[in-house]
Amino acid sequence: MDTTRFKAFGELCSQRLPNEADKILSAVKGEKICAIGFITTDDFYGFYLTWNNCKNINDYYEWQNAVYPDVLYQPLVDIVDNCKDIDLCAPSDEKWEFALALLSVLEKSINGISEEIFRKNGFKREDVLFFSTMGDGDYVGEMLNASVKMFNSPETLDKFGVSR
């Protein structure tokens, strides 16, 4: 898939995601672990962030903590609105390729979060599990499984009991 459509979104995420991660980790300071999820709609119409200090990410939809950063909404909506070549409302190989390309953009941004942000909030990188999925829809399980493996180190996966 041509990932140039995600270029501006990726640049914004790389610039602004560290600040969002800092806010979340500051809010859970003193905990031993934290899971942070990027949740989107079935047609990728923006993300929100949710987090919890538990190991069970399968119940992310029940978590009470959520923020809606502009960088994860409008820039992605613009991509979706201009994506005329893929029907993002129905399952397809093209829709899944779109999902994987989007996850790769998030992966790069997550990996760009400095160690200092984790450290100043009392965490090591492997104490924080990042994931992404849909609130409901075609690829909930697939996105969850693919993203935890893309976004996290083997040490993090072990700490959270996620199979590699």
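One is the number of the first residue; the rest follow in order along the sequence.
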Not counting sequence neighbours, which residues clear side chain to side chain contact (heavy atoms under 4.5 Å, CB included) with [X]? List them please.
X    : answer
D127 : F123, K124, K159
C54  : N52, W63
N56  : N58, D59

When you compare the side chain of [Y] with that of [X], does any pair of heavy atoms fall below 4.5 Å?
X    : Y    : value
C13  : L72  : yes
L157 : L129 : yes
E126 : F160 : no
D85  : R5   : yes
Q74  : V77  : yes
V71  : Q15  : no
L106 : S147 : no
I36  : V128 : yes

List the atom of [X], the atom of [Y], and the distance in Å for their closest heavy-atom pair.
X    : Y    : result
A21  : I113 : CB-CD1, 3.8 Å
F151 : E107 : CE2-N, 3.6 Å
G46  : Y73  : CA-CD1, 3.8 Å
L49  : E20  : CD1-CB, 4.0 Å
N65  : W51  : ND2-O, 3.0 Å
D42  : C89  : OD2-O, 4.4 Å

Per-pair distances, 0.1 Å, donor-acceptor, side chain in residues 131-141, under 3.5 Å, sequence neighbours excluded:
| from | atom 1 | to | atom 2 | distance (Å) |
| --- | --- | --- | --- | --- |
| S132 | OG | F38 | O | 2.9 |
| T133 | OG1 | V140 | O | 2.6 |
| D138 | OD2 | K95 | NZ | 2.5 |
| Y139 | OH | S92 | N | 3.0 |
| Y139 | OH | S92 | O | 3.1 |

Would you say [X] has more than 12 foreign heavy atoms packed within less than 6.0 Å of its [atom1]?
X    : atom1 : value
K149 : NZ    : yes
N82  : CG    : yes
Q64  : CD    : no

Original post:
Which pairs, with at least one residue in residues 31-41 and sequence neighbours excluded, count as a side-chain hydrogen bond (donor to acceptor under 3.5 Å, both in side chains)?
Top reply: E31-N53, T41-D43
Subject >> Those residues that, when tested against D158, pass side-chain hydrogen bond (donor to acceptor under 3.5 Å, both in side chains) (two or more places apart) >> reply: R164
Original post:
In Å and rounded to the nearest 0.5 Å, what is the CD1 to CZ distance from I57 to F130?
Top reply: 12.5 Å
Original post:
Roughly how far, to the nearest 0.5 Å, is CG of L102 from CD of E97?
Top reply: 13.5 Å
